[in-house]
Number of protein chains: 2
Amino acid sequence: MKPEPADAIATALDQLRSRGERITDARRAVIETLAHLGDHPSAEQLSTSVQETHPSVHRATIYRTLDTLTALGVATHVHVSGGASAYHLASSTHRDHLHASCLACGRIVDLPGDLLDPVVSRLSNEGLFLLDPSMVALAGTCEDCLAVRAPS
Amino acid sequence: MKPEPADAIATALDQLRSRGERITDARRAVIETLAHLGDHPSAEQLSTSVQETHPSVHRATIYRTLDTLTALGVATHVHVSGGASAYHLASSTHRDHLHASCLACGRIVDLPGDLLDPVVSRLSNEGLFLLDPSMVALAGTCEDCLAVRAPS
DNA sequence: CTGCTTGCAAAGTGTTTGCAGGCCC
DNA sequence: GGGCCTGCAAACACTTTGCAAGCAG
């Protein structure tokens, strides 16, 4: 089900090009690494990974690139409770899912994108708050860690 | 509607005493300041406030005290997207509400405590995740900022 | 007294910024 | 070539830690 990383990379680069952004080695490196990791790395982790293949790319550039990619909608990030932000490409197959960080193992897991729709409606109806699900950092325990803690 | 800060302070101190924790000037200062601010200050803001009335209390102590208070359940904290954690006393009148940070003004607003119950159930039923609502940092736009952005 | 707490200073994360030079288009 | 991007280093915000002295119980 996972798309070829190559597809995701090409898509991302196209998005950059069509926005008139420049394609540089650093940006290519960030996008390629994001695509190949496929995970939800933090900027710091990503920085480490990128430097394995492209040692000349500076950390600060990674941060700036992620900023740019996020601003363009090519990538998204979740601010994880008390930790570093997690990034991933906004490829079409991953679209519109939510993120939750497991307090036990620290991983970011994907959850259904419509999960918070009822909550958004309720808050909206009651005039309390305009909730932006994509900005929400859910937290709790993932199924793997649940299995460990509470074996049947 | 707000309880006298004095009540909240007394309650908090009692909780400390009954847990066998020591009552020190620093702890009293933190609790008093939390009670009087009534808001959801960050550790850093709290530190600043405390030092206005108790200049001898060190920042590091504030962090340690907040840690202790949180561990005891006397205070709670929300990890706010990309920023500092926000703290407040877990006084009975405030109990069990959720927090959302406004992306426009940065404030922390309180939302109904049962807001995420359906979400918790759904995730639990589907065996996906054990969501801990108290650890969730909601985000979006608060009603005040909505009013500004979208005047009738 | 005993040992939990504090003050202080320093280190540790995660991230941002100013600047000069470099490369994309 | 013009100006966006980058590398570098330093600063920044927030938080944690080791240690010796101090105070609560």
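Here is how names work: the chains are called A, B, and so on, in the same order as the sequence lines, proteins then strands, and each is numbered from 1. The structure presented is a predicted model; accordingly, all values stated were derived computationally and were not measured.
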Strictly under 3.5 Å: I want the nitrogen or oxygen pairs between protein and nucleotides 8-13 of chain C, one per line.
from	atom 1	to	atom 2	distance (Å)
dC8(C)	N4	R64(B)	NH2	3.4

Protein and nucleotides 21-25 of chain C: nitrogen or oxygen contacts under 3.5 angstrom:
from	atom 1	to	atom 2	distance (Å)
dC24(C)	O2	R22(A)	NH1	3.3
dC25(C)	OP1	I23(A)	N	3.0

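With hydrogens and angles ignored, the 3.5 Å screen pairs no side-chain donor or acceptor of S124(A) with any backbone N or O of V120(A).
Straight-line distance from the CD atom of Q51(B) to the P atom of dT6(C): 14 Å, rounded to whole Å. Regarding R27(B), its CZ atom lies at a distance of 7 Å from the C1' atom of dT5(C), rounded to whole Å. Taking atom CG on L16(B) and atom C1' on dT5(C), their separation rounds to 13 Å, with Å as the unit.
Scanning all heavy atoms of the two residues, the minimum distance from A35(B) to I9(B) falls at CB-CG1, 3.5 Å. For the pair F129(B) and A139(A), the tightest heavy-atom approach, listed with the atom from each and the gap, is CE2-C, 3.7 Å.
By the ring pair (Phe, Tyr, Trp, His ring centres under 6.0 Å) test, H99(B) pairs with H40(B), H88(B), H97(B), sequence neighbours left out.
Residue pairs satisfying the salt bridge (Lys or Arg N to Asp or Glu O under 4.0 Å) criterion with at least one member in residues 115-139 of chain A, sequence neighbours excluded, are listed as follows: R122(A)-E126(A), R122(A)-D114(B).
In the model, S85(A) has no side-chain atom that pairs as donor or acceptor with a side-chain atom of H77(A) under 3.5 Å.
A sub-4.0 Å separation between OP1 or OP2 of dT16(C) and a side-chain N or O of Y63(A) is absent.
Taking every nucleotide of DNA chain D with any atom under 4.0 Å from a non-hydrogen atom of chain B, the first and last of them, 5' to 3', are dC14(D) to dG25(D).
Atom CG of L123(A) is separated from atom CG of L130(A) by 9.0 Å, given to the nearest 0.5 angstrom. The distance from atom CG of L16(B) to atom CG of L72(B), rounded to the nearest 0.5 Å, is 6.0 Å. Here OH of Y87(B) is found 10.5 Å from OG1 of T65(B). Values are rounded to the nearest 0.5 Å.
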Below 3.5 Å, can you tabulate the donor-acceptor pairs from side chains in residues 48-55 of chain A to any protein atom, sequence neighbours excluded?
from	atom 1	to	atom 2	distance (Å)
T48(A)	OG1	E44(A)	O	3.1
Q51(A)	NE2	V57(A)	O	3.0
T53(A)	OG1	V50(A)	O	3.1

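Under the 4.5 Å side-chain criterion, counting only non-hydrogen atoms from C-beta, V136(A) is not in contact with V78(A).
Counting non-hydrogen atoms under 4.0 angstrom, S42(B) reaches nothing in the nucleic acid.
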